[in-house]
Number of protein chains: 4
Amino acid sequence: MTPNSERRSDRAREAILAAALELTADPGFQATSVEAIAKRAGVGKQTIYRWWPSKGAVVLEALGERAGQTLEFPDTGDIVTDLRTQMDGVAELLGNPQFAGFAGLVGAAQSDPSLSRTLIDGIIGPRVAACRKRLESAQQAGQLRDDVDLDEVIELLYGPIYYRLLFRTRPITPDIATHILDLAFAGLRPPTDPR
Amino acid sequence: MTPNSERRSDRAREAILAAALELTADPGFQATSVEAIAKRAGVGKQTIYRWWPSKGAVVLEALGERAGQTLEFPDTGDIVTDLRTQMDGVAELLGNPQFAGFAGLVGAAQSDPSLSRTLIDGIIGPRVAACRKRLESAQQAGQLRDDVDLDEVIELLYGPIYYRLLFRTRPITPDIATHILDLAFAGLRPPTDPR
Amino acid sequence: MTPNSERRSDRAREAILAAALELTADPGFQATSVEAIAKRAGVGKQTIYRWWPSKGAVVLEALGERAGQTLEFPDTGDIVTDLRTQMDGVAELLGNPQFAGFAGLVGAAQSDPSLSRTLIDGIIGPRVAACRKRLESAQQAGQLRDDVDLDEVIELLYGPIYYRLLFRTRPITPDIATHILDLAFAGLRPPTDPR
Amino acid sequence: MTPNSERRSDRAREAILAAALELTADPGFQATSVEAIAKRAGVGKQTIYRWWPSKGAVVLEALGERAGQTLEFPDTGDIVTDLRTQMDGVAELLGNPQFAGFAGLVGAAQSDPSLSRTLIDGIIGPRVAACRKRLESAQQAGQLRDDVDLDEVIELLYGPIYYRLLFRTRPITPDIATHILDLAFAGLRPPTDPR
DNA sequence: CTGTAAGCGAGACGGTACGTCGAGTCTTCAG
DNA sequence: CTGAAGACTCGACGTACCGTCTCGCTTACAG
């Protein structure tokens, strides 16, 4: 994939990533061609193919660089507060027009196993792992039912955010994390129905 | 869709939808070309373009026809039972390899506003509306907190299913509905922490 | 070819021939489609295919109807005069913009043997035969060298007209027949060089 | 033709011209598609469209390359001999099955003004000019009537050859030039009729 | 005077080729 | 020896027509 070397031009790399982000935001992910990225970056097509296997990989790297801060989970001792902090970050990112390419990227990953791998391993996986670790400590601290599968908890919390992202039934609003956490932690059952 | 007539050939229509489903399942949505659908269906390309605006619209219609049963919500009086019934149907559908194209379709909709509209209006919307109606009656029956936004409840319940579908972190298993409903209705907070 | 009947609609036939002539004159022969002829004639495509085997055959018939008068050779006793009369008619016809489709028709016949047959048998052949007959009588009357092949004479006289038609190096002018006949009958050799 | 460069692949160019000649000879000009030329040449369609505006232009160039020798007129001092030399070459070329595409090309030029221009400027024109020059010198040498329009002489000599080519009333035989020159120079009038 | 069978207008159908776009590879030249 | 430029092969795009095939709908003659 990468023709080993440190002779790689940083200028080219950054121009490519920047062009990818811009085009992915405006004409959209599918409507963006490698050719267009190369032209806007003032770069030969070969320079892109030399370092990345596909358009998706370029965009993924570009987005990954801008998503750094959502990787870490704080630990204030209160799991709901900590989740809210991180989820607010995620919501802000996904609501940002600059990040609009992400949905298309997820779509493209459906038909491109290697892109799917890169997406899961590079972006989703580390966040899931970090979240899981924080949830485990919360469970030990008695802030979480201990009969629940933590991976299912993660799906319950983040699923709704991605649902809005992909189906665009309504925008991702800043208060989304608060609302999800309220529903998820308190449950949907009315207080007067302890069943 | 565009020309008007009852002169339309049913044979062609059905062959196209069947071919679309098959190809969408095996080589995958993005890897399927209109040309390939036409060839497998034994049909001229023009016949596809005459009735559908894009590959996505064809696949959408094909999938939509096979998803009929998930549109209705039963009403046994118990909201959790009824949700489980419908969500089991959804899970079975999305877990079915024949339906593998759906994820790609959602992806494609990210960059195609008109496809996105068709997806929301034709598939997602009606199911959301039916679900909402059932939730409203449950709320009135006192089986649901009445301080919750029902659209958020829907996102909470279905988000996790689509999360698995799109990120493929793990397969959609038959028990997914049961687990989601347990978490969502009982809440994540431990019983000993009434807060 | 023809589905025997006198039930044939004259209105349709004439509308088709007229449309063929018009389109063949303006967008040109190659640029005219059967579909366009049908539309302009206000006729179904099938009605064309019912009575003619190809676009070329339609145009041929349309042109043939307008070329009737060039079929006959007068016989005033002077071969040059008679040739001039007929050739003037041919030149007038081929120079007429309404007849512009003829060149394209000749072109199309190059790749369509059955059209070629129809062209030769229906248009060219009869005129060649009539011309040959007149030349024979001229030869017997001693107005023509009797060591010449009459078919070659015909080619010598008409070739130059078609040459201008097809290569468009310059237009077919009204005096073309006079000039050709002068050159051909008097010969190119200077009078002072009886060789 | 349109893009600029010496980066052009000679291999591709020659393969295309060769394929064009072959296909033009066998299935014929009209029956040959750009697609078929590309496939036989082992070349992408785009490579054809990059350098030529149409199928006709490709075939024209291919034929032009093989017709080089008919461009020059010898000058032995005797105009009839010199004309015969060149016209024999033309007849041989046009009678050659490898050149069968030429008739179709002339036909196609009838409906394509730019192809017509290329045909006249690239093939016909230069030969006409060369012939005219030789005729002029013959006229000065007293071997040709000096009251004749040389362009009409050219049409008189070459028209018959093209007449046979296009109307296929009979094949172009090797002796055609001799016969035409005999008729044209001696004239059609019987020697006993000096009129 | 009313079936019924033909020609008619219309236009959908299975196809082929069009001319264009972009993918990913290969080649040339400059720094 | 990387990087820009861009020509190359290839495959799909969406469109235009091809020639064939139903569809009703006149018409016109046969019972």
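Reckoned from all heavy atoms, side chains included, excluding hydrogens, waters and symmetry mates. Each chain gets a letter, A, B and so on, in the order the sequences are listed, and its residues count up from 1.
Judged purely by atom type and a 3.5 angstrom limit, B:K55 has no side-chain atom pairing as donor or acceptor with the backbone of B:S33.
Between the P atom of E:dG7 and the CD1 atom of C:I16 lies a distance of 14 Å, rounded to the nearest Å. Rounded to a whole Å, the CG atom of D:D10 is 15 Å from the P atom of F:dA7. Rounded to a whole Å, the CD1 atom of A:I48 is 12 Å from the C1' atom of E:dA23. Atom CG in B:D112 sits roughly 10 Å away from atom P in F:dG14 (whole-Å rounding). Between the C1' atom of F:dC8 and the OH atom of D:Y49 lies a distance of 17 Å, rounded to the nearest Å.
Base contact: B:Q46 has a heavy atom under 4.0 Å from a base atom.
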Note to self: Run B:K45 and B:I48 through side chain to side chain contact (heavy atoms under 4.5 Å, CB included) and show every step you take.
What the structure shows: CA-CA 5 Å; B:K45 275 200 290 180; B:I48 296 183; 5.8 Å; no
Check: For nucleotides 23-31 of chain F, read 5' to 3', which letter fits each nucleotide if B means a protein heavy atom sits under 4.0 Å from the base, S means only the sugar-phosphate is that close, and - means neither?
Finding: ---------
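The shortest distance between the side-chain N/O atoms of C:W52 and the OP1/OP2 oxygens of F:dG19 is not below 4.0 Å. An OP1 or OP2 oxygen of E:dG14 is reached within less than 4.0 angstrom by a side-chain nitrogen or oxygen of B:T47. In terms of phosphate contacts, D:W51 brings no side-chain nitrogen or oxygen within less than 4.0 Å of OP1 or OP2 of F:dA7.
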Kindly list each side-chain donor-acceptor pair under 3.5 angstrom involving residues 14-30 of chain B, sequence neighbours excluded, with atom names and distances?
residue: B:E22; atom: OE1; partner: B:R40; partner atom: NH1; Å: 2.1
residue: B:T24; atom: OG1; partner: B:A20; partner atom: O; Å: 3.1

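Judged by distance alone, with hydrogens and angles left aside, A:K45 brings a side-chain donor or acceptor within reach of the base of E:dG24, the pair sitting under 3.5 Å.
Side-chain proximity of B:R11 to F:dA4, E:dG22, E:dC13: nearest is E:dC13. The side chain of C:R50 sits closest to E:dC8 out of E:dA12, E:dC8, F:dT20. With distances taken from any side-chain atom of C:S9 to the nucleotides F:dT20, E:dC8, F:dC8, the minimum falls on E:dC8.
Position along DNA chain E of the nearest nucleotide to C:R13 versus D:K55 favours C:R13 as the more 5'-ward residue. Nearest-nucleotide positions on DNA chain F place D:A12 closer to the 5' end than the other of C:S54 and D:A12.
Contacts with DNA chain E (heavy atom under 4.0 Å) in residues 19-42 of chain C: C:G42, listed by number.
Scanning for side-chain contact (heavy atoms from CB on, under 4.5 Å) contacts around B:A67 gives B:T70, B:L93, B:F99, B:R127, with sequence neighbours left out. Partners of C:A103 by side-chain contact (heavy atoms from CB on, under 4.5 Å), not counting sequence neighbours, listed by chain and number: C:L165, C:L166, C:R168, D:Q110. With sequence neighbours left out, the side-chain hydrogen bond (donor to acceptor under 3.5 Å, both in side chains) criterion links B:Q46 to no other residue. A:R66 pairs by the salt bridge (charged side-chain N to carboxylate O under 4.0 Å, His left out) definition with nothing, not counting sequence neighbours. Checked against ring-ring contact (aromatic ring centres under 6.0 Å, His included), A:F102 has no partners two or more places apart in sequence or in another chain. When the salt bridge (charged side-chain N to carboxylate O under 4.0 Å, His left out) test is applied to A:R117, the partners found at least two apart in sequence or on another chain are A:D121. Annotation: side-chain contact (heavy atoms from CB on, under 4.5 Å) contacts of C:R8 (sequence neighbours excluded): C:R13, C:W51, C:W52. Every residue two or more places apart in sequence or in another chain that forms a side-chain contact (heavy atoms from CB on, under 4.5 Å) with D:S114 is listed here: D:D112.
Comparing the helix axis at one end of the helix from E:dC1-F:dG31 to E:dG31-F:dC1 with that at the other, each defined from 5 consecutive pairs, gives an inter-axis angle of 10° (nearest 10°).
The side-chain heavy atoms of C:L105 and C:L115, taken from C-beta on, include a pair separated by under 4.5 Å.
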